[in-house]
Amino acid sequence: MAPLIDLHTHSTVSDGTETPEELVATAAAAGIGTLALTDHDTTGGWERAAAVLPAGMRLVRGAEFSCVSPTGRPQTPGDRATVAVHLLGYLFDPTHEAIVAEQRRLVAERVERLRTMAQNVAADYPQLDADRIFDHVPEGTTPGRPHLGQALMRAGVVGSVDEAFAHILRNGSPYYVPKTDTPVERAVQMIVDAGGVPVFAHPLARRRGRVIELSVLADLAALGLAGVEVDHPDHSPEDRALLRGFAKDIGLVPTGSSDFHGTNKSTPIAAETTAPEAFEELVAKASGVPVL
Ligand code: AMP
Ligand code: FE
Ligand code: FE
Ligand code: ZN
């Protein structure tokens with residue numbers, strides 16, 4: 001079997017459950033030949049993954065940027081509806097000042113936001129000790145709702161992180177606290193300026209709530225967006241077909257990725273993969289750091 005290409009995975013440096021070292025080993029065992037590490041809002045796992053890279057596996061250093069996007073083109077002059085979205089950035093210079101500053105700002109805000117969400121939840125679920133929410137979050141990790149989901153599991157409130165999301169942590173829940181995400185147009189520009197390659201992550205993950213109109217992808221393509229995740233566990237077969245056709249029409253590279261989070265999600269690594277030609281097209285646009 002040809003080595004697989006999985007361009008979207010998370011480690012314990014954000015909300016995955018495997019360390020970067022374990023993730024690389026899991027990827028190798030699954031037949032992955034090209035792995036992208038894309039933790040939320042951090043490049044903190046890059047060196048650890050690179051240090052244990054086995055011969056024959058290529059590492060694409062990346063990150064998943066927390067962004068906010070218009071839902072579509074404004075229909076009326078005052079129309080400013082927005083939605084939280086994720087943007088993958090690959091092979092960008094990790095010392096680029098704007099990226100460093102924005103990641104530092106977002107991680108700091110995520111710490112306070114998770115503390116507040118934990119306090120909100122603990123008011124109704126006193127089994128949760130909100131003061132100890134960070135006990136199991138390693139230093140330097142980007143905290144996220146799955147960490148609160150884990151704490152709710154340990155407290156016996158839910159049986160799984162999925163269940164925690166369904167009942168307590170979902171977007172729009174009374175406990176939810178928003179964060180100040182980066183405008184997606186600005187994030188595309190930052191990644192391009194840093195020599196990286198921006199790819200829109202899971203644009204039609206409808207189970208998480210409202211999604212963007214496809215016109216947003218066309219507008220971002222004009223700013224330098226290079227690709228779009230087509231094959232993703234949260235995309236229906238109909239949406240994949242729609243996205244594949246749209247990507248082709250507007251010249252975006254289609255990717256496929258597992259968005260592996262270890263046991264925080266049920267999807268195994270390499271559940272979705274990217275075609276070699278698509279991957280090479282993305283790499284050809286990069287000038288920040290090389291594929292290892
Ligand atoms: P946050 O970045 O803190 O807003 O949390 C978002 C993260 O939670 C995503 O990156 C996913 O890893 C995870 N997530 C979102 N929706 C769900 C869900 N329905 N079930 C399990 N995990 C989810
Ligand atoms: Fe995540
Ligand atoms: Fe995501
Ligand atoms: Zn992800």
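When a ligand or atom number is given, it counts from 1 through the structure's own listing order. All values below were derived from every heavy atom in this structure, side-chain atoms included, with hydrogens, water molecules and symmetry-related copies excluded. Just so you know, these numbers come straight off a predicted model, no measurement behind them.
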Electrostatic pair Lys285:Glu280 at N-O distance under 4.0 angstrom: no

Centroid-centroid distance, Phe65 to Phe200, less than 6.0 Å: no

Counting no waters, what protein N/O/S atoms lie under 2.8 Å from the Zn ion (ligand 4)? His8 NE2, His10 NE2, Glu64 OE1, Asp259 OD1

Residues Arg206 and Asp239 bridged, charged N to O under 4.0 Å: yes

Passes side chain to side chain donor-acceptor pair (under 3.5 Å), Ser258 versus Asp6? Steps please. CA-CA 7 Å; Ser258 66; Asp6 191 339; 2.7 Å; yes

Return yes when atom CZ of Arg244 has more than 12 non-hydrogen atoms of other residues, nucleotides or ligands closer than 6.0 Å, and no otherwise. yes

Angle at the Fe ion (ligand 2) between OD2 of Asp15 and NE2 of His261, to 10°? 110°

Would you say the rings of His147 and His136 are close, in the sense that their centroids are separated by under 6.0 Å? no

Roughly how far, to the nearest 0.5 Å, is the CG atom of Asp129 from the CG atom of Asp131? 5.5 Å

If you count heavy atoms of other groups shown closer than 6.0 angstrom to CZ of Arg210, is the number above 12? no

In a check of side chain to side chain contact (heavy atoms under 4.5 Å, CB included) between Pro203 and each of His232, Glu213, His235, His86, which one passes? His235

Just do the side chain to side chain contact (heavy atoms under 4.5 Å, CB included) check on Val13 and Arg48 with the steps written out, would you? CA-CA 10 Å; Val13 172; Arg48 289 174 63 181; 4.2 Å; yes

Take the Fe ion (ligand 3) and tell me which protein N, O or S atoms are nearer than 2.8 Å. Glu64 OE2, His86 ND1, His202 NE2

